[in-house]
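This report refers to the structure that appears directly beneath it.
Reminder, nothing fancy here: chain letters follow the sequence lines and each chain counts from 1. Computed from a predicted model, the values in this text were never measured in an experiment.
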2 protein chains.
Amino acid sequence: MSLDSKIDRDRIQRRQNREDLNVFSRLPAVYSTSRKQGQQLLQIGGGLSIVEWRTLWDLHEAGPMTIRDLSTIQRTDHSLLSRALPDMKRKGYVRMERSEEDGRQTIVELTDEGRSAYETAAPIMARRRAALRERFSDEEIRTFTGFLDRFEEFLQIPVDQILNQETAE
Amino acid sequence: MSLDSKIDRDRIQRRQNREDLNVFSRLPAVYSTSRKQGQQLLQIGGGLSIVEWRTLWDLHEAGPMTIRDLSTIQRTDHSLLSRALPDMKRKGYVRMERSEEDGRQTIVELTDEGRSAYETAAPIMARRRAALRERFSDEEIRTFTGFLDRFEEFLQIPVDQILNQETAE
DNA sequence: AAAAATTACGTGACAAGTCATATAATTTCT
DNA sequence: AGAAATTATATGACTTGTCACGTAATTTTT
């Protein structure tokens, strides 16, 4: 019997419908589509990368800070910044200086050129957030991010603890 | 003046709090933490990669299907599968066969060995979903995925349409 | 004060995604 | 039927993200 005849369209469809309710499965697609949209908008707004945009934005909003601060705000690994910053410095977007108080830290500060790059991208990115707010009320955003909070709490649970709860089922 | 003294801890903290409500900013971290958790569990459950797990799971649940079907269910680019499948075939997890009905398609089917790899990982991954259900009711999961639906709808909107709605603000 | 632990950062290696482009097969249009 | 468009897959190039490990600086312990 050929494999063709073994394909069960209905069953495949049901599988897909089922997976629509699986948060773990949906996250990758939602994330990557969101990222894609961000990249497109940044392309229009001067060609910054996502990491660059986040960094300029943070520095603009909160002033000079360390690499650790940036990675904390952005909720990413510091290595992402470690790699992006020298490039950004070369482009003239930021200044970097070893901290006098703590020689391990590097303090990053926006330059005028960085500010100007920020200002090119900012209105477009603001438009995006506004467009989202046209579709989600403040209340809904809080509910949505509340779910993200709870989901993140779940993800914090150590793996062995998850596995040892079989009884609770 | 040294850069150290220009650091404003309070302002940085406020920035961070603000970003906690920004869905666009939160998604990357939530996604990658979820992925990390998945990878850890798979490591324990036999060492499958995420793509491999998803594929074995889908084939187990819905029977043989094409690469396109797999990528649709998994909501990812087909290239991910295109690259993973030859490896999975080499490991003996799947069979691949050109479709007789449509010579462009490749039909993928689970082998016994693939089934056995699936069965090693499955209980662990099921435990994870159960652990989630202990913290989110069915109702809440539906609300959560409902938000994901709406957010994805938003992401579907063409970029130029988002930018041209400035009036609506 | 010396030793041990922690923290900040840099860097190499890897996974999971994307897109763009190429090719072959199928379908649609004229 | 032939031409044109579409679809399925493969593959190269790239981004975002992780982790692990190394080094230097700081903090904590003894």
Give [X] one of three labels, base, sugar-phosphate or nothing, depending on what nucleic acid heavy atoms sit under 4.0 Å from its own.
{"X": "B:T66", "result": "sugar-phosphate"}
{"X": "A:L81", "result": "nothing"}
{"X": "B:S79", "result": "base"}
{"X": "B:R68", "result": "base"}

Between atom [atom1] in [X] and atom [atom2] in [N], what is the gap in whole Å?
{"X": "B:R54", "N": "C:dA15", "atom1": "CZ", "atom2": "C1'", "result": "11 Å"}
{"X": "B:E100", "N": "C:dT26", "atom1": "CD", "atom2": "P", "result": "12 Å"}
{"X": "B:H78", "N": "C:dA20", "atom1": "NE2", "atom2": "C1'", "result": "10 Å"}
{"X": "B:L27", "N": "C:dG17", "atom1": "CG", "atom2": "C1'", "result": "14 Å"}
{"X": "A:M96", "N": "C:dC9", "atom1": "CE", "atom2": "P", "result": "9 Å"}
{"X": "B:Q105", "N": "D:dT6", "atom1": "CD", "atom2": "P", "result": "18 Å"}
{"X": "B:Q39", "N": "C:dA13", "atom1": "CD", "atom2": "C1'", "result": "14 Å"}
{"X": "B:Q74", "N": "C:dT18", "atom1": "CD", "atom2": "P", "result": "11 Å"}

Should B:R133 and B:D138 count as side-chain neighbours, where that means a heavy-atom distance under 4.5 Å? yes
B:T145 versus A:D20: any side-chain heavy-atom pair under 4.5 Å? no
Does OP1 or OP2 of [N] have a side-chain N or O of [X] closer than 4.0 Å?
{"X": "A:Y31", "N": "D:dG17", "value": "yes"}
{"X": "B:S32", "N": "D:dT18", "value": "yes"}
{"X": "B:T76", "N": "C:dG17", "value": "no"}
{"X": "A:R35", "N": "D:dT16", "value": "no"}
{"X": "B:R98", "N": "D:dA10", "value": "no"}
{"X": "A:K36", "N": "C:dG17", "value": "no"}

Mapping A:I67 and B:D77 to their closest nucleotides on DNA chain C, which lands nearer the 5' end? A:I67
Quiz question: going by heavy-atom distance under 3.5 Å, is there a donor-acceptor pair between the base of C:dG10 and the side chain of A:R104? no
Any N or O donor-acceptor pair linking the side chain of B:R75 to the base of C:dG17 at under 3.5 Å? no
Picking from A:R135, A:K36, A:R26, what satisfies salt bridge (charged side-chain N to carboxylate O under 4.0 Å, His left out) with B:E152? A:R26
Can B:R129 be said to sit on top of A:F24's aromatic six-ring, NZ or CZ under 6.0 Å from centre and within 45° of the ring axis? no
DNA chain D nearest-nucleotide lookup for A:G103 and B:S82: closer to the 5′ end is B:S82
Taking the side chain of A:R83 as its heavy atoms from C-beta onward, which of C:dC9, C:dG12, D:dG12 lies nearest to it? C:dG12
Which of the following nucleotides, D:dT16, C:dA25, D:dC19, is nearest to the side chain of B:D102? C:dA25
Take atom CZ of A:R11 as the centre, draw a 6.0 Å sphere, and report whether it contains more than 12 heavy atoms from other residues, nucleotides or ligands. yes
Parallel, tilted or perpendicular, judged at 30° and 60°: which one describes the rings of B:Y31 and A:Y31? parallel
